[in-house]
Student: 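Take this structure first; my questions come after.
The model shown is predicted, which means the values in this text are computed figures rather than measured ones. Throughout, a chain's letter reflects where its sequence line sits, starting with A, and its residues are numbered from 1.
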There are 2 protein chains.
Amino acid sequence: MLSLEDAERTVREATHGRRLCLVVGNCRVNYSGRAASKLSEGDRLLVIKGDGTFLVHQGKGMTAINYQGPGSTVSTKLEDGALIIESHGKKKPNVPQEKIEVRFSHVHFAQAFDLRDDSKLSVTGTEEELAKLLMQEPDRIEPGLQPLKQESYRRHGDIDILARDKEGRLVVVEVKRRTAELAAVTQLRRYVEELAKRKNEQQVRGILAAPGISESAKRMLEEWGYEFAKVGYEAHEHEHAKIKRVERKQKSLSEYGLEEE
Amino acid sequence: MLSLEDAERTVREATHGRRLCLVVGNCRVNYSGRAASKLSEGDRLLVIKGDGTFLVHQGKGMTAINYQGPGSTVSTKLEDGALIIESHGKKKPNVPQEKIEVRFSHVHFAQAFDLRDDSKLSVTGTEEELAKLLMQEPDRIEPGLQPLKQESYRRHGDIDILARDKEGRLVVVEVKRRTAELAAVTQLRRYVEELAKRKNEQQVRGILAAPGISESAKRMLEEWGYEFAKVGYEAHEHEHAKIKRVERKQKSLSEYGLEEE
DNA sequence: GCGATCAGCGGCACG
DNA sequence: CGTGCCGTTGATCGC
């Protein structure tokens with residue numbers, strides 16, 4: 001157990017020094033901004049990061065019960081025998097000012113920490129990588145498929161992969177890293193229709209490339225004359241190594257200034 | 001600074017007692033499962049909750065850099081002068097087993113806490129509430145509009161509000177609590193088309209009800225013959241009180257077993 | 001800054 | 001249990 005005065009000083013100094021601050025105690029929480037919320041008494045963990053990030057966690061559940069992003073400012077005060085910690089969100093255009101008030105009646109623990117950390121997370125297995133892989137091996141989608149945007153495959157017209165099939169027809173490929181659902185079909189449909197209009201081509205095919213597809217998505221897909229290509233990595237353990245190989249290959253190619261093999 | 005042995009005991013006992021455990025120290029993090037990630041050396045905060053929730057936070061940024069949901073299991077070991085804390089995700093069908101390995105070289109802090117907390121967050125200002133409000137005051141969408149699904153407004157065919165206009169035409173209303181974008185238009189379109197086919201009505205109108213709409217979404221909306229209704233709460237401070245009044249009214253009505261006014 | 005899209009999305013409700 | 005969809009979604013990237 002900690003006196004509220006001590007806790008307040010700890011939080012104030014940590015905030016001032018832009019250090020991580022952890023507070024555990026009994027509190028109520030109020031939030032208002034884009035929405036509003038109330039949480040009555042209970043023990044929680046409060047995490048305040050050096051960049052202003054503000055997280056209130058209950059003892060269960062993965063997501064913070066209340067939160068505020070980087071750039072928020074913290075203020076503290078003692079009032080009516082309670083320690084009040086407020087976070088005021090960074091002002092954003094077209095969004096109401098956000099505010100969280102945490103009112104501690106008891107603080108079990110409060111401490112500041114210096115976190116030295118220059119590392120950044122590197123992730124593999126994203127949709128972007130799957131698209132890259134498919135650009136390298138378009139036969140996985142359909143034999144004879146020829147991708148068009150060899151370099152800078154990314155976000156040209158929001159189409160994941162644009163290609164021509166053996167008959168020379170334009171093909172829009174929408175890639176999903178997990179089971180495709182209805183939204184993926186409507187997305188594909190929009191791209192195909194927009195492209196057909198823009199290029200003035202009547203025959204534009206649409207292929208949804210994903211490791212799986214839900215039943216209703218499949219129905220809607222076929223109803224609209226589009227196709228499904230199962231392209232998921234089969235063995236999850238090996239896939240990442242494979243993707244890495246592809247990436248390394250690309251890197252070495254670009255080092256030599258080559259556009260394609 | 002803490003000996004790794006002490007830290008390991010703290011984590012083990014906290015896990016066993018299903019208590020919250022906080023660990024701060026220098027570590028590397030590896031994740032594999034649906035995707036895979038690596039994070040090299042740095043100081044981080046590890047949060048392990050009583051329900052198995054596992055969160056690795058860097059000193060900046062709002063989101064946990066690695067995470068695992070409730071139901072995960074924790075194991076610890078000392079190896080090569082490091083404290084290794086692993087989280088194994090709950091097995092789910094059709095998803096590869098997930099695993100996080102946090103390898104601490106130094107632990108600055110490790111402590112367990114008991115969080116007694118029976119409260120649940122109550123939120124106001126959601127889309128569901130906005131839809132309720134519009135059911136109560138459909139004129140906000142369009143004069144003369146008559147909502148059809150008075151009770152059990154929810155998830156009938158995923159349509160937010162189904163209504164008839166003054167001319168008796170079916171109207172599908174898709175409600176968004178914030179600025180509507182392209183996805184909202186395609187969503188509306190899908191509902192309208194499915195309903196038209198299902199009910200065999202040729203004239204089904206579609207209205208997108210939201211506080212705002214992006215330019216391209218508006219273009220696409222009008223291109224498809226649908227309409228936009230600006231319905232956002234004007235004053236953010238008052239809106240919630242207003243919604244609350246509406247809810248209370250509904251509650252008291254249902255207490256008397258009434259279906260409508 | 002707006003907007004469109006991905007995310008290891010998470011969470012929830014419903015069939 | 002799959003699946004759809006909201007979320008104070010957050011994070012990122014291109015315009």
Student: Which part of the nucleic acid, if any, lies within reach of Thr179(B) when heavy atoms closer than 4.0 Å are counted: base, sugar-phosphate only, or nothing?
Tutor: nothing
Student: Considering only side-chain heavy atoms of Lys176(A), which listed nucleotide, dC6(D), dC6(C), dG10(D), is closest?
Tutor: dC6(C)
Student: Cut-off 3.5 Å, side chains only: do Asn30(B) and Ser37(B) have a donor facing an acceptor?
Tutor: no
Student: Under 4.0 Å: is that the gap between some side-chain N or O of Arg178(A) and OP1 or OP2 of dC6(C)?
Tutor: no
Student: Does either side chain, that of Tyr191(B) or that of Gln187(B), offer a donor lying less than 3.5 Å from an acceptor on the other one?
Tutor: yes
Student: Mind listing the residues from residues 46-64 of chain B sitting with a heavy atom below 4.0 Å of DNA chain D? Number order is fine.
Tutor: Met62(B), Thr63(B)
Student: Is there a side-chain polar atom (N or O) of Arg190(B) under 4.0 Å from OP1 or OP2 of dG4(D)?
Tutor: no
Student: Is the distance from OP1 or OP2 of dG10(D) to the nearest side-chain N or O of Tyr67(B) less than 4.0 Å?
Tutor: no
Student: On DNA chain D, nearest-nucleotide positions of Gln187(B) versus Lys92(A): which is more 5'?
Tutor: Gln187(B)
Student: dT3(D), dT8(D), dC5(D): which one has an atom nearest the side-chain heavy atoms of Tyr191(B)?
Tutor: dC5(D)
Student: Would you kindly check whether a donor in the side chain of Glu181(B) faces an acceptor in the base of dG3(C), or vice versa, at under 3.5 angstrom?
Tutor: no
Student: List in chain and number order the residues that pass side-chain hydrogen bond (donor to acceptor under 3.5 Å, both in side chains) with Arg205(A), two or more places apart in sequence or in another chain; answer none if no residue qualifies.
Tutor: Glu142(A), Asp165(A), Glu227(A)
Student: At under 4.0 Å, does any side-chain N or O of Ser32(A) touch on OP1 or OP2 of dT8(D)?
Tutor: no
Student: Identify, with sequence neighbours excluded, every residue that meets side-chain hydrogen bond (donor to acceptor under 3.5 Å, both in side chains) alongside Thr179(B).
Tutor: none
Student: Does Asn94(A) contact dG1(C) through a side-chain donor or acceptor facing the base, at a distance under 3.5 Å?
Tutor: no
Student: If only side-chain N and O atoms of Arg34(B) are considered, is one of them under 4.0 Å from the OP1 or OP2 phosphate oxygen of dA7(C)?
Tutor: no
